[in-house]
Structure formats: structure tokens, C-alpha cells
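So the structure is just underneath, and the comments pick up after that.
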Protein chains: 2
Amino acid sequence: MHIDPVNILKDHDLKHTKQRVRVLEEIALDTVAISQPELEKKLGKEIDRVTLYRILNTYEDKGILHRIMDMNGTANYAICSSSCTEHHHHDEHVHFNCSNCQKIYCLDVKIPSIKMPPGFTASSINTTAYGICEKCSAGMKAD
Amino acid sequence: MHIDPVNILKDHDLKHTKQRVRVLEEIALDTVAISQPELEKKLGKEIDRVTLYRILNTYEDKGILHRIMDMNGTANYAICSSSCTEHHHHDEHVHFNCSNCQKIYCLDVKIPSIKMPPGFTASSINTTAYGICEKCSAGMKAD
DNA sequence: ATAGTAAATGCAATTTTATTGCATTGGTAT
DNA sequence: ATACCAATGCAATAAAATTGCATTTACTAT
Ligand SMILES: [Mn+2]
Ligand SMILES: [Mn+2]
Ligand SMILES: [Zn+2]
Ligand SMILES: [Zn+2]
């Protein structure tokens with residue numbers, strides 16, 4: 001699945017700007033989520049800090065990106081599945097947050113359904129596993 | 001289950017100070033988790049902001065409190081189950097974050113085990129459901 | 001192509017949140 | 001009572017996020 005920033009913008013009625021394209025390009029580079037601070041480090045010379053905040057927010061609103069909070073309260077962003085719409089995200093997969101490299105993976109694992117206690121109505125659910133990722137456990141053997 | 005701040009401090013080899021007692025008292029008032037900003041609002045006159053940060057951190061380290069991050073990256077705190085130890089938390093219950101009142105509940109629901117993809121080793125897992133809580137759904141009927 | 005319009009951007013200022021260093025206070029053991 | 005060391009408060013700093021406004025830019029209509 002190739003990401004085409006220009007078409008994504010068209011599809012969501014967003015103006016085509018070089019800043020918006022750059023953000024999507026950067027996020028599409030890797031399959032793992034990227035944190036706001038990382039993005040800022042990478043794009044800080046090209047895009048103003050405030051603009052980056054605003055772009056990320058509109059992408060989230062539009063269902064282009066989904067935001068995953070890590071243990072430290074840092075926002076991480078990943079491309080949404082194609083079924084996400086402006087007002088309803090459908091990214092109910094499990095996330096994996098590596099305690100070594102800090103990366104957040106969108107796993108191809110569905111979140112099991114959970115029965116809520118009486119009176120509680122869940123409209124969405126979020127699960128994140130913490131541990132050692134694929135790459136880091138391979139790397140540690142080598143050390 | 002009554003909370004006795006003084007004994008909790010003794011049990012964890014922490015010095016008895018009025019600030020530490022106050023924090024535990026405040027958190028024990030309610031069964032739902034309380035956010036750092038709320039705590040600060042309630043205790044800000046009695047306890048210095050920095051001291052509050054430090055107390056919350058040591059309580060988390062010691063396994064007295066567990067920290068739940070909400071959607072906005074705000075830290076929320078709740079009393080840990082008795083089985084938590086200094087280096088290993090055992091609070092693997094589902095959390096419920098109300099989209100109306102923002103409260104975070106520790107539900108008496110265990111997190112279902114999830115099979116990780118090859119290479120990924122999970123050491124802990126975290127799930128939070130979002131929706132309308134007990135109290136808010138009762139209140140909304142009344143409106 | 002040109003001009004008009006509304007939206008997006010950048011910059012500066014502000015606010016909020018968190019961290020660090022250090023002098024003072026206060027709890028605990030002897 | 002004293003001494004010791006940890007915990008606190010305060011001030012300074014750093015980091016993260018938000019707001020307002022002037023300028024630029026993309027798109028639309030002509
Ligand atoms: Mn994801
Ligand atoms: Mn809990
Ligand atoms: Zn890793
Ligand atoms: Zn509620």
C-alpha cells in the first residue's frame with residue numbers, strides 16, 4: 001500500500017500545501033508510529049512548530065492519522081486504516097510500545113471485545129502492550 | 001477496604017510527612033482515579049507543586065499508586081491493588097475513561113490475554129475503554 | 001491569465017506543564 | 001537532646017502547548 005499525500009489531501013477536501021505533504025511523507029516513511037517530538041526534530045527546519053501542531057490536529061480530525069499516547073503522555077501518529085472517517089476512527093488494533101527503542105507499532109491484531117459492567121457503555125477501546133519489539137530482541141542477541 | 005495512609009507509608013519505608021498523608025487521603029476519597037491537575041487544584045495551597053510531583057512519582061515507584069494516562073496525555077492516579085510491589089505492578093484491569101465527565105474508573109475486569117506476533121514479547125498490557133460512565137448515563141436520562 | 005477570497009502559515013507572545021538545584025525544614029534513630 | 005539524612009519549598013529553567021495576528025498561499029470565479 002503506497003501512500004500518496006496529494007490524493008489523501010484531495011480526498012479529504014484539504015488544501016494542498018507543501019507542509020501538509022511533507023508531514024504525510026514523513027509519517028508514511030515507516031510502518032511504526034512517529035512521535036510528535038520526532039516529527040518536530042525532522043521537520044522543524046521546514047515547518048513551523050505551531051503549523052505542525054495544527055496539521056497533526058486536522059489530520060486526526062479528518063481520520064487521516066490516528067494518535068497513540070505513550071506511557072509518558074507523548075503523542076505518536078500513524079496512518080489510519082482506509083475505513084476511518086471524519087467522525088469515526090476504526091483503528092481498533094493492538095499497539096505495541098517497545099520499552100527499549102520506544103517505538104510504537106500498529107499490530108495486525110484486533111482488540112478482543114470486553115464486557116463492560118452495567119451502566120458503562122464503551123464506544124471505543126484502546127489497548128497497548130509494552131515489552132520488547134522484534135528488532136530490539138534480535139539486536140540484543142547480537143550484543 | 002479502608003485506606004490508612006500512615007500504615008501505607010510505614011509498610012513502604014517512607015517517612016511520615018503531612019504532605020504525603022494528604023496526598024493519599026485525597027486519592028483515597030474516591031474510587032475513581034484523580035488527575036494530577038485536579039490534585040494540584042485541591043492541594044495546591046497546602047503542598048508545593050514540585051513536592052506533589054515528587055510524591056506521586058515515589059508512590060508510583062513504590063507500587064502504592066498506579067498511573068493511567070488519558071487521551072490527552074494527562075496523568076491520573078489510583079490506589080494500587082495490594083499485590084503491587086516496588087518493581088512490579090499488578091494492576092492489569094481494564095480502565096474506563098468517560099468522555100462526558102472525563103473520570104477514569106478502575107474496572108473490576110481483567111484484561112484478556114492477547115497473542116503477540118512472533119518476535120514481540122509483552123511484559124505488560126494496558127487497556128482503556130472510552131464511553132459514557134454509569135453516573136453520566138443516569139444523569140443524562142434525567143435531563 | 002487575473003483578481004478576489006478564504007484558509008493556512010509563520011512569528012511573537014503567552015500559558016501551561018515539568019524539571020533542576022539548592023537552602024531550609026523536619027522525621028527518625030541513637 | 002542531638003545528629004543525620006531525607007523531604008520540602010522556592011526560584012530558576014526548560015519543555016510543551018496555545019493564542020492572536022499579520023502575511024502568504026491555494027483555490028475559485030471571472
Ligand atoms: Mn495504530
Ligand atoms: Mn487502575
Ligand atoms: Zn524496540
Ligand atoms: Zn462520566
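The model shown is predicted, which means the values in this text are computed figures rather than measured ones. First the proteins, then the strands, lettered A, B, ... as listed; each starts at 1.
As judged by a 4.0 angstrom heavy-atom cut-off over every strand, A:Glu46 is placed among residues touching the sugar-phosphate backbone only.
One can place CG of B:Leu39 at 16 Å from C1' of C:dA18, the figure rounded to the nearest angstrom. The CZ atom of A:Arg49 sits 8 Å away from the C1' atom of D:dA15 (whole-angstrom rounding). Between A:Lys15 atom NZ and D:dT28 atom C1' there is a gap of 10 Å when expressed in whole angstrom units. Rounded to an integer number of Å, the gap from A:Leu56 CG to C:dT9 P is 11 Å. The nearest whole Å value for the distance from the CD1 atom in B:Ile55 to the P atom in D:dA7 is 10 Å. Taking atom CG on A:Leu43 and atom P on C:dT9, their separation rounds to 12 Å, with Å as the unit. As rounded to whole Å, 13 Å separates atom C1' of C:dA13 from atom CG of A:Asp48. Rounded to a whole Å, the CZ atom of A:Arg20 is 5 Å from the P atom of C:dT9.
Not one N or O on the side chain of A:Ser137 forms a donor-acceptor pair closer than 3.5 Å with the backbone of B:Phe120. Put simply, the side chain of B:Asn72 never gets that close to the backbone of B:Thr74: no donor and acceptor are under 3.5 Å apart. Proximity of a side-chain donor or acceptor of B:Arg67 to a complementary backbone N or O of A:Met71 within less than 3.5 Å is detected. With hydrogens and angles ignored, the 3.5 Å screen pairs no side-chain donor or acceptor of B:Gln19 with any backbone N or O of B:Leu52.
Considering B:Ile132, B:Leu107, B:Ile104, B:Val32 in turn, B:Leu107 is the only one that fulfils the side-chain contact (heavy atoms from CB on, under 4.5 Å) rule with B:Phe96.
Within the structure, every side-chain polar atom (N or O) of B:Arg54 is placed at least 4.0 Å from both OP1 and OP2 of D:dA7. Regarding contacts with the backbone of D:dT25, every side-chain N or O of A:Gln19 stays at 4.0 angstrom or more from both OP1 and OP2. Remark: A:Gln36 is in phosphate contact with D:dA17, judged by side-chain N or O atoms under 4.0 Å from OP1 or OP2. Not one side-chain nitrogen or oxygen of A:Thr17 sits closer than 4.0 Å to the OP1 or OP2 atom of D:dT25.
Nearest-nucleotide positions on DNA chain C for A:Leu14 and B:Glu40 put A:Leu14 closer to the 5' end. For the pair B:Lys18 and B:Tyr53, both in contact range of DNA chain C, the more 5′-proximal nearest nucleotide belongs to B:Tyr53.
Listed nucleotides D:dT8, C:dT28, D:dC10 differ in distance to B:Val50; the shortest reach to its side chain belongs to D:dC10. Considering only side-chain atoms of A:His16, the nucleotide from D:dA26, C:dG27, C:dT9 that sits closest is D:dA26.
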